[in-house]
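Please read the structure below before turning to the comments.
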Amino acid sequence: MIYLPRSNFGPEQEPHWRVYNRIAARLLPFLLVLYVISFLDRVNVGFAKLQMSVDIGLSDAAFGFGAGVFFLGYCVCEIPSNLALQRFGAKIWIARIMIVWGLISAGMMFVTTETQFYVMRFLLGVAEAGFYPGIILYLTYWFPARLRSQICAIFFLGIAFSGVIGGPLSGWIMHTFSGVQGLHGWQWMFLIEGLPATIGGIVAFFYLDDGPAKAKWLNDDERRLVVDALVAEDLQKKAAGYGHRFLDAIKDVNVWLLAITNFSLLGGTYGLSFWMPQIVKDLGVNNLLINGLLTAIPFTAGSIAMIVVGKHSDRHAERKWHTAICAFVGAAGLVLSGMFGHNPYISLFGLSVAVSGALAGLAVMWALPATILTGAAAAAGIALMATIGNLGGYTMPFILGWVKQLTRQVEFGLYAMAAMMVIGGLVMLIIPKLRQNAGSAATSAEPSEQPGPVASTL
């Protein structure tokens with residue numbers, strides 16, 4: 001299967017086009033499946049709430065806190081996990097993450113109290129910490145900066161696919177297995193959807209390579225082509241004064257501002273993912289299977305938007321305005337959905353616009369960190385952005401739950417998320433390095449045509 005169009009490469013770069021598509025065909029489908037499993041295990045608690053709230057006495061505020069506390073554990077361990085991935089290798093670290101989180105996710109079926117719900121969600125965050133930024137870092141080991149918006153868009157399809165697949169699947173499991181062997185439907189859902197992560201971790205250990213230099217499925221010329229291009233790109237970034245040490249990422253104001261944008265976009269994505277089943281239910285849809293099918297619509301729209309916007313961003317070598325406009329469009333969708341909450345058709349359309357804006361903005365934005373950082377700084381910067389962003393995953397679900405319990409209406413929570421997405425878009429427009437370079441960082445590193453040393457660390 002071909003992922004990257006010829007338009008990304010000049011006539012003289014036919015070998016590059018073929019090699020990068022071969023790498024994409026090898027890695028992206030598998031990583032996409034892993035991310036679908038990952039995201040589904042994070043947000044399936046939104047469907048579980050429809051039953052377990054009654055079974056264990058879970059209030060809206062308690063659910064919002066418990067759904068979000070996942071990200072506290074996640075954020076505490078995120079930077080150490082990404083640095084460990086760089087040190088110990090991707091295959092063993094990604095495998096370790098998945099095996100542990102799968103077991104804990106399945107263990108959610110044994111929760112009987114609010115306190116147990118909080119503890120298990122926190123432990124799930126600790127176990128999964130580093131997976132998302134780790135994969136982003138891992139992709140920088142294979143693809144040059146000018147291709148990463150499309151690559152990230154394809155990877156982030158996991159979010160959309162988990163919404164498309166996860167909603168109907170979760171609804172079907174809870175509807176079909178309720179009462180089987182004396183277990184509630186939500187207990188079966190956690191068990192059935194948790195174990196694939198453990199299986200995926202075992203497969204990842206044998207399937208993934210730590211980098212192109214160790215990929216036996218590439219020949220010597222292909223390995224040299226890929227590694228030389230990445231080495232040349234890193235040298236160019238260092239020559240331009242871009243950071244390569246851990247502290248360079250921590251001290252870089254550009255990284256912190258990108259993290260704020262990530263906070264707004266990711267917070268909106270998670271807020272909608274956790275609460276979408278409840279929002280659809282509030283629109284008058286009580287059947288679990290129908291609810292699941294309807295929640296798939298916004299994520300289907302989001303998957304299309306990511307690919308279209310990602311390709312457009314790469315083709316025009318522009319990241320700043322693409323991300324900002326997506327944030328503003330997502331905010332408009334949230335406002336539209338809130339204003340027309342009494343009309344299920346318009347409200348669902350607004351949610352589709354909101355998810356499309358948030359996901360497309362994320363895909364483009366995540367092409368940026370590795371263009372301004374390299375080495376340990378890239379690992380730390382990506383993890384720092386993910387850490388701050390995932391705090392949005394804690395904040396937004398909690399705000400939605402708190403506001404809904406306080407007002408008995410969810411639209412004010414949607415307005416709060418919209419305001420945060422507007423802030424994220426505005427921050428994107430004032431990031432110093434993006435203003436100076438006008439997006440040129442995304443195209444500054446072309447594949448090297450000169451032979452060079454194959455870096456064993458890649």
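What you see is a predicted model, and the numbers here were worked out from it, not measured in a lab.
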Mind checking whether Val355 and Thr269 have side chains closer than 4.5 Å, heavy atoms only?
no

For Gly338 against Tyr415, the heavy-atom pair lying closest together:
C-OH, 3.3 Å

Between atom CD1 of Ile260 and atom CG of Leu426, what is the distance when rounded to the nearest 0.5 Å?
11.5 Å

Only counting residues at least two apart or in another chain, list the ones meeting side-chain hydrogen bond (donor to acceptor under 3.5 Å, both in side chains) with Ser81.
Trp93

Residue pairs involving residues 194-204 (criterion salt bridge (Lys or Arg N to Asp or Glu O under 4.0 Å); sequence neighbours excluded)
none

Residue pair Lys91 / Phe205: nearest heavy atoms and the distance that separates them
CE-O, 2.7 Å

Can you confirm whether Thr300 sits close enough to Ile297 that some side-chain heavy atom of one is under 4.5 Å from a side-chain heavy atom of the other?
no

Minimum-distance pair of heavy atoms, taken over all atoms of Gly201 and Ala95
O-CB, 3.1 Å

Hey, is Glu222 close enough to Arg18 for a salt bridge, meaning N to O under 4.0 Å?
no

Strictly by modelled atom types, are Trp101 and Ser105 linked by a side-chain donor-acceptor pair under 3.5 Å?
no

For a 4.5 angstrom cut-off between non-hydrogen side-chain atoms, does Trp217 reach Asp209?
yes

Is the shortest heavy-atom distance from the side chain of Ile423 to the side chain of Phe263 under 4.5 Å?
no

Could you tell me whether the side chain of Arg223 and the main chain of Ala215 form a donor-acceptor pair under 3.5 Å?
yes

Identify each donor-acceptor pair in which a side-chain atom of residues 122-136 lies under 3.5 Å from a protein atom, sequence neighbours left out, and give them as a table.
from	atom 1	to	atom 2	distance (Å)
Glu128	OE2	Ser38	OG	2.5
Glu128	OE2	Arg42	NE	2.6
Glu128	OE2	Arg42	NH2	3.0
Tyr132	OH	Trp366	NE1	2.5

Name the residue from Phe143, Tyr35, Tyr138 that meets the ring-ring contact (aromatic ring centres under 6.0 Å, His included) definition with Phe155.
Tyr35

Is there a side-chain contact (heavy atoms from CB on, under 4.5 Å) between Leu258 and Met428? Walk through the geometry before answering.
CA-CA 7 Å; Leu258 281 171; Met428 192 72 188; 4.0 Å; yes

Do Leu230 and Thr140 have side chains that approach each other closer than 4.5 Å (heavy atoms only, starting at C-beta)?
no

Where do Leu208 and Leu27 land on the side-chain contact (heavy atoms from CB on, under 4.5 Å) test, with the steps shown first?
CA-CA 8 Å; Leu208 296 179; Leu27 296 181; 4.3 Å; yes

How about CD1 on Ile92, more than 12 heavy atoms from neighbouring residues, nucleotides or ligands closer than 6.0 Å, or not?
no

Apply side-chain contact (heavy atoms from CB on, under 4.5 Å) to residues Met98 and Thr198 and explain how you reach the verdict.
CA-CA 6 Å; Met98 296 194 65; Thr198 298; over 6 Å; no

CE of Met306 to OG of Ser313, rounded to nearest 0.5 Å, is 14.0 Å

Report the C-alpha distance between Cys326 and Val309 in whole Å, list the side-chain angles of each, state the deciding distance to 0.1 Å, and finish with yes or no for side-chain contact (heavy atoms from CB on, under 4.5 Å).
CA-CA 9 Å; Cys326 284; Val309 174; 3.9 Å; yes

Distance (rounded to the nearest 0.5 Å) between Leu265 CG and Leu362 CG
5.0 Å

Identify the heavy atoms of Asn44 and Ser170 that sit nearest to each other, and give their distance.
CB-OG, 4.2 Å

Rounded to the nearest 0.5 Å, what's the gap from NZ on Lys320 to OG1 on Thr261? Could you check?
12.0 Å

Just verifying a value: how many Å separate Ile154 CD1 and Leu28 CG, rounded to the nearest 0.5 Å?
5.0 Å

Using only atom types and a distance under 3.5 Å, with no angle test, would you say the side chain of Ser337 pairs donor to acceptor with the backbone of Gly333?
no

Gap between atom CH2 of Trp186 and atom CE of Met174 - 0.5 Å precision
9.5 Å

Shortest non-hydrogen contact from Ala358 toward Met421:
CB-CE, 3.8 Å

Any donor-acceptor N or O pair under 3.5 Å, side chains Asp221, Asn219
no

For the residue pair Phe70 and Met120, establish whether any side-chain heavy-atom pair is separated by less than 4.5 Å.
no

With a 4.5 Å cut-off on side-chain heavy atoms, are Leu137 and Leu85 touching?
yes

Shortest non-hydrogen contact from Ser356 toward Ser352:
OG-O, 2.8 Å

Please tell me if the side chains of Tyr207 and Arg26 come closer than 4.5 Å, counting only heavy atoms from C-beta onward.
yes

Would you please classify the geometry between the His312 ring and the His316 ring as parallel, tilted or perpendicular, with 30° and 60° separating the classes?
tilted

Could you check Tyr20 against Trp142 for ring pair (Phe, Tyr, Trp, His ring centres under 6.0 Å), going step by step and ending with a plain yes or no?
CA-CA 8 Å; Tyr20 286 124; Trp142 298 87; 9.9 Å; no

Hey, is CZ on Phe349 packed in by over 12 heavy atoms from elsewhere, all under 6.0 Å?
no

